[in-house]
Structures are given as structure tokens and as C-alpha cells.
Amino acid sequence: QVQLVESGGGLVQAGGSLRLSCAASGRSISTYAMGWFRQAPGKEREFVAVVSWSGVITYYADSVKGRFTISRDNSKNTVSLQMNSLKPEDTAVYYCAAGQTTRVADLGDYWGQGTQVTVSS
């Protein structure tokens with residue numbers, strides 16, 4: 001099995017930046033697509049970004065496109081989410097996920113526990 005642990009969340013003012021990291025253990029994630037999801041209080045979990053096993057292919061939700069960047073380092077067994085120009089509506093718990101393909105429906109094989117991101121006005 002794969003264990004995923006997120007870190008890097010915190011409080012930031014609107015327009016600021018944060019970088020989230022997800023560390024994997026148990027086995028290598030080099031053959032997995034890796035993604036980020038988020039869930040705001042009282043709302044459904046939503047897709048944020050995904051990167052293929054090679055790091056070549058990426059997809060982003062329209063709401064974060066141009067502001068967020070997903071990347072991975074297979075040698076370190078980690079995946080990151082650089083978040084710039086943060087908005088209050090980005091406030092949510094952010095979850096790291098792993099799956100067989102970059103399809104959103106295939107990203108639920110493994111989940112982290114989440115890290116809180118709060119953006120103030």
C-alpha cells in the first residue's frame with residue numbers, strides 16, 4: 001500500500017502564495033498519476049490538478065488554471081502544488097491522491113489526510 005502525507009498548509013492573505021507537498025511511503029509512486037483535490041466547509045470535494053507518472057502531462061481545474069502548478073519528484077517520492085495569487089475562495093482542506101491514470105475517476109486508489117489552507121481577505 002501507499003501512504004500519503006500532506007504538508008505546507010497555513011494562513012495566507014489574498015494574493016499571496018503557498019506551496020503544498022505530499023510525501024509518499026510504503027512503495028514508489030513513480031508509476032502512479034498524482035493529483036490534488038480540495039474540500040471547503042459544507043461543500044463537495046473538487047478536483048484541483050493532476051500530473052502523469054512521467055510529469056509530462058498535467059490538467060487543472062478552470063478555477064485554478066494559471067495560478068496553481070503541480071509537479072513531482074519521483075526520486076524523492078513527492079508531489080507538490082505551488083499556489084500563487086491565492087483568493088479567499090481557495091480556502092479548503094487540500095488532499096493528495098494517487099491512481100492508475102490521470103482520469104479524475106481513477107485517482108482514488110490512495111488518499112492523504114489533508115492539509116488546511118486558509119486565505120484571508
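Quantities reported herein were computed from a predicted structural model and do not represent experimental measurements. Residue numbers run from 1 in the order of the sequence given.
Ring centroids of Phe68 and Trp36 are separated by 6.0 Å or more, keeping the two rings apart.
Hydrophobic clustering (side-chain heavy atoms under 4.5 Å, transitive across Ile, Leu, Val, Met, Phe, Trp, Tyr) keeps Val119 apart from Phe37. Cluster annotation: Leu4 is not connected to Trp53 through the hydrophobic network of ILVMFWY side chains, with a link wherever side-chain heavy atoms come within less than 4.5 Å. By the criterion of side-chain heavy atoms lying less than 4.5 angstrom apart, applied directly or through intervening Ile, Leu, Val, Met, Phe, Trp or Tyr residues, Leu81 is not grouped with Val104; the two fall into different hydrophobic clusters. Hydrophobic clustering of Ile, Leu, Val, Met, Phe, Trp and Tyr side chains at less than 4.5 Å, counting indirect connections, unites Tyr94 with Tyr60. Under the 4.5 Å side-chain heavy-atom criterion for ILVMFWY residues, no single connected hydrophobic cluster contains both Tyr95 and Met83.
No side-chain heavy atom of Thr58 sits under 4.5 Å from any side-chain heavy atom of Val50. In this structure, the side chains of Gln3 and Trp111 stay at 4.5 Å or more apart for every pair of heavy atoms. Counting heavy atoms from C-beta on, the side chains of Thr91 and Gln116 come closer than 4.5 Å. Residues Val79 and Cys96 form a side-chain contact, since some pair of their non-hydrogen atoms from C-beta on lies under 4.5 Å apart. Considering only heavy atoms from C-beta on, Met34 stays 4.5 Å or farther from Tyr110 through its side chain.
Every pair tested for salt bridge (charged side-chain N to carboxylate O under 4.0 Å, His left out) that includes a residue from residues 112-121 fails, sequence neighbours excluded, so the list is empty. Sorted by first and then second residue, the salt bridge (charged side-chain N to carboxylate O under 4.0 Å, His left out) pairs involving residues 70-82 (not counting sequence neighbours) form an empty list. The salt bridge (charged side-chain N to carboxylate O under 4.0 Å, His left out) analysis of residues 108-121, with sequence neighbours excluded, yields no pairs.
The environment of CD in Gln39 is crowded: more than 12 heavy-atom neighbours from other residues, nucleotides or ligands sit within 6.0 Å. Within a 6.0 Å radius of CD in Gln1, other residues, nucleotides and ligands contribute 12 heavy atoms or fewer.
Note that OG of Ser30 is 5.5 Å distant from CG of Asn74, once rounded to the nearest 0.5 Å. The OG1 atom of Thr31 sits 8.0 Å away from the CZ atom of Arg27 when rounded to the nearest 0.5 Å.
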Which pairs of donor and acceptor atoms, one on a side chain in residues 40-47, lie under 3.5 Å apart (sequence neighbours left out)?
unit_1, atom_1, unit_2, atom_2, d
Glu46, OE2, Arg38, NE, 2.7
Glu46, OE2, Arg38, NH2, 3.3

Cut-off 3.5 Å, no hydrogens considered: what does the side-chain donor-acceptor table look like for residues 15-23, sequence neighbours left out?
unit_1, atom_1, unit_2, atom_2, d
Ser17, OG, Asn84, OD1, 2.9
Arg19, NH1, Gln82, OE1, 3.2

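In this structure, the side chain to side chain contact (heavy atoms under 4.5 Å, CB included) partners of Leu11, at least two apart in sequence or on a different chain, are Thr118.
Not a single donor-acceptor pair under 3.5 Å links the side chain of Arg103 to the backbone N or O of Gly99. Under a 3.5 Å cut-off, the side chain of Glu6 and the backbone N or O of Thr115 do not form any donor-acceptor pair.
Heavy atoms only, all atoms of each residue included: Thr102 and Leu107 are closest at O-CD1, 4.4 Å.
Under the 3.5 Å distance criterion, with hydrogens and angles disregarded, a donor-acceptor pair is assigned to the side chains of Asp106 and Thr101.
Ion pair Lys87/Asp90 not flagged as a salt bridge, since none of the NZ, NE, NH1 or NH2 atoms sits closer than 4.0 Å to an Asp/Glu carboxylate oxygen.
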